[in-house]
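Report on the following structure.
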Amino acid sequence: MRVMRSLRSNSDAGLVFQPATLSSLRSIFTGCRAVMLPRFGGPEVLELRENIPVPNLNPNEVLVKAKAVSVNPLDCRIRAGYGRSVFEPHLPIIIGRDVSGEVAAIGNSVKSFKVGQEVFGALHPTALRGTYTDYGILSEEELTGKPSSVSHVEACAIPFAALTAWRALKSNARITEGQRVLVFGGGGAVGFAAIQLAVASGCHVIASCVGQTKDRILAAGAEQAVDYTTEDIELVVKGKFDAVLDTIGGSETERIGINFLRKGGNYMTLQGEAASLTDRYGFVVGLPLATSLLMKKKIQYQYTHGIDYWWTYMRADPEGLAEIQRLVGAGKLKIPVEKTFPITDVVAAHEAKEKKQIPGKVVLEF
């Protein structure tokens, strides 16, 4: 591992200053603060602990001194027990997926970044050491340079949501210029990112939303925004679509979305059942059951409607992250941040999201 220089900050718990070149990360960073999940439950189970060990870097990994991390719906679901089949054997774990900060150290094989560089990125959904910590560890392919035109608070709100939308639209549906895209839940982070990615790809976009997000969605380039609390989308939206991204999930949006697709189209839902079935029945039974259910739906909808059906999840994608970075730098991709909390108030931040007091994006600052 290469360490180009040592860093100092008021929040750097446990830092020990050493020469610039060292073979072991523990020689420099003895520990840091981290938000730990010792057991599943409500926001009150989260614990901000001091002197949490910082592991040595693998050759392809980057140590990121966090400036801001976002609170994703997945963070709250994991805290409450979602994915317990993956996470429970490893408790306590650090939660969190998004991060924006500064490179503190790099593994031996890392070529894309240098110490001191500002970066942002996101971890895989099943990562055991999350980003709610002074020093996050991400692989080289999970990071990209932060454009100087956005702050750390703005940047950290983007990658997980945008990469989720990218996987659905680009990897699954493979959208191209001129196609029609329908987004259920266009006011949420993933839905709003999807609108901007589809517009940037030259697609014609329509989205469902709640009233207060309608103007924002239209300003982002959607041709029509339907308030599902006051309008019937099946009556006000005309024509067929090449791709439907359902960020809401459920039988009703699935039915409507499938019926809106033309033959050869793609329906993607974020509400796949792999994790819930594995949690309920364990890996041995749950995973094959989930695979069987997905294949059944794929075959069913291919036969009845001539469309492809997908459960879509965020995955690290260097090509996608590079395009996200380009769009963010050009001002064509942003996720509005509604409220920030200091990392010391992480319980209050999760409580606010749990009680739906803050409908928009919440960010934790260091």
Check your understanding: Does K297 make a cation-pi contact with Y301 (under 6.0 Å, within 45 degrees of the axis)?
Key -> no
Please table the atom pairs, donor to acceptor, closer than 3.5 Å between any side-chain atom in residues 192-210 and protein atoms at least two apart or in another chain.
from	atom 1	to	atom 2	distance (Å)
Q196	OE1	K334	N	2.9
Q196	NE2	F192	O	3.0
Q196	NE2	K334	O	3.0
S201	OG	K170	NZ	2.8
S201	OG	L197	O	3.0
H204	ND1	E223	OE2	2.6
S208	OG	G185	N	3.0

Point to revise | Full working for side chain to side chain contact (heavy atoms under 4.5 Å, CB included) between V62 and I137 | key: CA-CA 6 Å; V62 178; I137 296 176; over 6 Å; no
Review point. Between K146 and S151, is there a donor-acceptor pair closer than 3.5 Å when you use the side chain of the first and the backbone of the second?
Key: no
**Study point:** Pair E102, H152: side-chain N/O donor-acceptor within cut-off below 3.5 Å
**Key:** no
Practice item. Can you establish whether the number of heavy atoms outside E44 located under 6.0 Å from its atom CD is more than 12? Key: yes
Exercise for review: Verify, without hydrogens or angle tests, whether K353 (side chain) and A348 (backbone) share a donor-acceptor contact under 3.5 angstrom.
Suggested key: no
Practice item. Look only at the side chain of Q271 and the backbone of G249, and say whether a donor-acceptor pair between them is shorter than 3.5 Å. Key: no
Check your understanding: Going from CG on L123 to CZ on R129, what distance comes out if it is rounded to the nearest 0.5 angstrom?
Key -> 9.5 Å
Point to revise | Spatial distance of atom CG (N56) from atom CG (N58) [nearest 0.5 Å] | key: 8.5 Å
Review point. Any salt bridge between D308 and K298, counting N to O under 4.0 Å?
Key: no
Review point. CG/L289 to CG/L287 distance, rounded to the nearest 0.5 angstrom?
Key: 9.5 Å
**Study point:** R180 side-chain N/O to K240 backbone N/O, donor-acceptor pair under 3.5 Å
**Key:** yes
Review point. Can you list the steps and then say if K361 with D98 is a side chain to side chain contact (heavy atoms under 4.5 Å, CB included)?
Key: CA-CA 12 Å; K361 198 72 170 176; D98 290 307; 4.2 Å; yes
Exercise for review: Could you tell me whether a side-chain N or O of E141 sits under 3.5 Å from a main-chain N or O of A316, the two making a donor and an acceptor?
Suggested key: no
**Study point:** Short side-chain to backbone donor-acceptor contact, Q224 and V236, under 3.5 Å
**Key:** yes
Point to revise | Common cluster, I358/V71, ILVMFWY with side-chain heavy-atom separation under 4.5 Å | key: yes
Practice item. Determine the sole option in V69, T340, I343, T344 for which the side chain to side chain contact (heavy atoms under 4.5 Å, CB included) test with E365 is passed. Key: T340
Practice item. Indicate yes or no: at least one non-hydrogen side-chain atom of R255 is less than 4.5 angstrom from one of E234. Key: yes
Point to revise | Gap separating the CG atom of D246 from the CD1 atom of I256, nearest 0.5 angstrom | key: 9.0 Å
Check your understanding: If you round to the nearest 0.5 Å, how far is CD of E142 from CD of E61?
Key -> 8.5 Å
Review point. Are V45 and L128 in one and the same hydrophobic cluster, where Ile, Leu, Val, Met, Phe, Trp and Tyr link if side-chain heavy atoms are under 4.5 Å apart?
Key: yes
Review point. Side chain of T247, backbone of F184: donor and acceptor closer than 3.5 Å?
Key: yes
Show me, pair by pair, the donor-acceptor contacts under 3.5 angstrom made by side chains of residues 317-325, not counting sequence neighbours?
from	atom 1	to	atom 2	distance (Å)
D317	OD1	E319	N	3.0
D317	OD1	G320	N	2.8
D317	OD2	W166	NE1	3.2
E323	OE1	R326	NE	3.1
E323	OE2	R326	NH2	2.8
Q325	NE2	T144	OG1	3.4
Q325	NE2	G145	O	2.8

Check your understanding: Is the closest side-chain heavy-atom distance between V363 and F341 below 4.5 Å?
Key -> no
Review point. Should Y132 and L48 count as side-chain neighbours, where that means a heavy-atom distance under 4.5 Å?
Key: no
Review point. Is R97 reaching over with its side chain to a backbone N or O of A127, donor-acceptor style, under 3.5 angstrom?
Key: yes
Check your understanding: Do the non-hydrogen side-chain atoms of F366 and K67 ever get within less than 4.5 Å of each other?
Key -> no
Practice item. Test side chain to side chain contact (heavy atoms under 4.5 Å, CB included) on K114 and I106 and set out the steps. Key: CA-CA 7 Å; K114 60 183 179 181; I106 55 177; 5.7 Å; no
Review point. Considering only heavy atoms from C-beta outward, does the side chain of D75 approach that of F160 to under 4.5 Å?
Key: no
Review point. So, Y309 and Q300: side-chain donor and acceptor under 3.5 Å apart, yes or no?
Key: no
Point to revise | D279 bridged to R84 by N-O distance under 4.0 Å | key: no
Point to revise | Within-4.5 Å side-chain heavy-atom neighbours: I94 and M36 | key: yes
Check your understanding: If only atom types and distance count, is the side chain of K238 paired as donor or acceptor with the main-chain N or O of L235 below 3.5 Å?
Key -> yes
Check your understanding: Does R79 reach the main-chain N or O of L37 with its side chain, forming a donor-acceptor pair under 3.5 Å?
Key -> no
Exercise for review: Would you sort out whether H124 and R315 count as a side chain to side chain contact (heavy atoms under 4.5 Å, CB included), showing the intermediate values?
Suggested key: CA-CA 6 Å; H124 186 277; R315 290 291 185 273; 3.6 Å; yes
**Study point:** Spacing of I95 atom CD1 and T133 atom OG1 [to the nearest 0.5 Å]
**Key:** 12.0 Å
